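What follows is one structure encoded as structure tokens, with my remarks underneath.
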Protein chains: 2
Amino acid sequence: MKKSLTIHDIAKMAEVSSATVSRVLSNSSYPVSPELRAKILRIAKEANYVPNMLGKQLKTRTSMTIGVVIPSITNLFYSSIILGVEEIARKSNYQVLLCNSFQDPELEDKAIHAMFEKQVRGLVISSISSDKKQLKHFIDMGLNVVALDQKVEMEDVTQVDFDYRKGGYIAARHLIGKGHRNIAYVTAPLDRPSRKSICEGYAAAMDEAGLQPSVVEAGSETTYSGAYEFENGKALTRKLLAEGGDRPTAVFACNDMTAFGVVNELAAQGLKVPDDVSVIGFDGLDIGQMITPPLTSVLQPTYEMGRLACTMLLDMLTGGKKPDVGIVLQPRLLERESVADLLVGG
Amino acid sequence: MKKSLTIHDIAKMAEVSSATVSRVLSNSSYPVSPELRAKILRIAKEANYVPNMLGKQLKTRTSMTIGVVIPSITNLFYSSIILGVEEIARKSNYQVLLCNSFQDPELEDKAIHAMFEKQVRGLVISSISSDKKQLKHFIDMGLNVVALDQKVEMEDVTQVDFDYRKGGYIAARHLIGKGHRNIAYVTAPLDRPSRKSICEGYAAAMDEAGLQPSVVEAGSETTYSGAYEFENGKALTRKLLAEGGDRPTAVFACNDMTAFGVVNELAAQGLKVPDDVSVIGFDGLDIGQMITPPLTSVLQPTYEMGRLACTMLLDMLTGGKKPDVGIVLQPRLLERESVADLLVGG
DNA sequence: CTGTTAGCGCGTTCAG
DNA sequence: CTGAACGCGCTAACAG
């Protein structure tokens, strides 16, 4: 990096002190005569002066950057969240330091550490780490944290939550309302609270209707990509169909990518959706309306979640006020065309 | 932010000078007695010392962060690239500052400016701005830049390029090889070099085979999301089918999301893919194999592009060597099931 | 209104 | 081998 101009350099050019230059160029409210101001502005512009934020940040102890840690950016669910975060951040002149944790607690911890060293003012995180000791320490040191997606059971962590249980309940209710009685739930490993909650909602709705829940769970996962979830959906469907007994009339998948796998495997086995088997997903990704048939799903407002999380974080940073209560976003059924109504013409 | 420990604080605790602490904690090659080293390390650990990188960066003039500027992270094409960039960066202890430009030159310029102020050591960029004055200036100041996806015609900008023309050619050749003669190309506005190149490749293959090219181009775009491209695909297909004359037996779309729209609109009009009309996309997104029928496409190795771009950037940073020649990645046909072979049973 | 001075936290001469 | 002193680029306190 070539040595670039400093305020001292342009102070010399303008024949003033560097303090005055600083006052002008950093829009200080401190009074400076209009003539000097104009002169300094002109010279700085002519010389293509670009301030070095490191100096400023070191002095002012504030960095105008926030960190975002999520499992994987290629997951449409998370990329949409990040888009929301980044947009809100940008509007307040913050920038985003991004890290993919790949569901690896060690990577997550390292990323948070590095971000803290770089003096990020806050963090938006979908944390997968079970050991929150480090995070707790940083929070005690003054780091502001907003958790998303994955619940962080810790005081001083503001939560943007989603009612997964109700989402699971809504999906199952929808299927039951359409006359389905044999409804299977296929899911990635139930090792995360969010997934457990969806499953509980599903089971509650089934119980309530006097139906027998039937859960097919995947073995523990290694990666965390859409392709993995898709394959998972296929594998779980094979398992489900191979089980013998009555074939379910509807399958509820723990997320949309998995649902795509279900639809695909069903088709591979000669079963039509929704004519032979209905499928419902979870997430409500845009891409769901682009497949055939368009996937009925439970909407999680990812973009808004991102925006909301970032807004809350910025509030904490500027106001210093910790929202005393977290927010729980509500699920909404996204009815498209992958669920058959068994009560019509049945 | 609560005031945190500095090297001076732990220097006092260890009853040594801050210089010694610095030497130990920053792994300097400077000799320090083993006893002191151990003592300092122990005390720093006990006190949960976390270095402030701003001080270090200011002093050493190097920041261990790179910037990435792309149109939109919710576009699977770019999120995959970023994943590659971030992974390589992380392995060299760099972090990534991310910005979505939304195809807005002004946002792009502002983001680059802010990143430069924050002393990023380099940039990976898919630039949409036509005015590269600012970028050129920063490069002259020592910023290292690797361009991706969108060609930046500028010396000192290393390019990770892709042979779009050949990709267009390959796709058209594939269709022709399968016996198609009436092949339409539907595309987003041809205002970007990459899109023009694909179209040229298509036209060249058609000419070569003595066929008449038929291009349907969209009006200028406003947003840049997958949903937009999908809708675009639908709209262009409607336009195509409404044109009268012979209906094409195959449609080539400028990217996969657009192809999804084409497939969807075809279905909406009662046309089956590939039985009635064949469709081929461009990008080779994973998601393409999850729809029905799986989309034949031209593969752009996005993840590898990201990895490669970041590797080249890091080489420039460490070695100071500017690769004297850019790289042109080659397209590859991804044959799936959305193209019918007209020569069999035809 | 303007300039001088003193750090922010760190790494790095240069003496000892 | 160790420490005192200086400076990275910038802002803030205090004089003038």
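Keep in mind the model is a prediction, meaning the values are calculated, not measured.
- As rounded to whole Å, 11 Å separates atom P of C:dG11 from atom CG of B:L58.
- Taking atom CG of B:N52 as the reference point, atom P of D:dC8 lies 18 Å away to the nearest angstrom.
- You'll find a donor-acceptor pair under 3.5 Å spanning the side chain of B:R23 and the base of D:dG3, going by distance alone.
- Of the candidate nucleotides D:dT11, D:dT2, C:dT4, C:dT4 has the atom nearest to the side chain of A:S17.
- With D:dT11, D:dG3, C:dG3 as the candidates, the nucleotide lying closest to the side chain of A:V16 is C:dG3.
- Nearest-nucleotide positions on DNA chain C for A:P31 and A:G55 put A:P31 closer to the 5' end.
- Remark: P of D:dG9 and NE2 of A:H8 are 9 Å apart, rounded to the nearest angstrom.
- The nearest whole Å value for the distance from the OH atom in A:Y30 to the P atom in C:dC1 is 11 Å.
- Contact between the side-chain N/O atoms of B:Y49 and the OP1/OP2 oxygens of C:dC10 is found at a separation under 4.0 Å.
- Comparing B:P34 and A:S22 against DNA chain D, the residue whose closest nucleotide sits nearer the 5' end is B:P34.
- For C:dG9, one of the phosphate oxygens OP1 or OP2 lies less than 4.0 angstrom from a side-chain nitrogen or oxygen of A:R61.
- For B:E46, the CD atom is densely surrounded, since the number of other residues' heavy atoms within 6.0 Å is greater than 12.
- Side-chain N/O atoms of B:T6 include none lying less than 4.0 angstrom from OP1 or OP2 on C:dG9.
- Side-chain nitrogen and oxygen atoms of B:S33 include at least one within less than 4.0 Å of the OP1 or OP2 phosphate oxygen of D:dT2.
- Following rounding to the nearest Å, B:K59 (NZ) and C:dG11 (C1') show an atom-to-atom distance of 5 Å.
- Between A:H113 and A:F138, the ring planes are tilted. Angles from 30° to 60° get that label.
- In the set C:dG9, D:dT11, D:dG9, D:dT11 carries the atom at the smallest distance from any side-chain atom of A:I7.
- Within the structure, a side-chain polar atom (N or O) of A:K56 is placed less than 4.0 Å from OP1 or OP2 of D:dT11.
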inquiry  = Apply side-chain hydrogen bond (donor to acceptor under 3.5 Å, both in side chains) to residues A:K132 and A:S127 and explain how you reach the verdict.
reply    = CA-CA 9 Å; A:K132 314 284 193 204; A:S127 174; 2.8 Å; yes
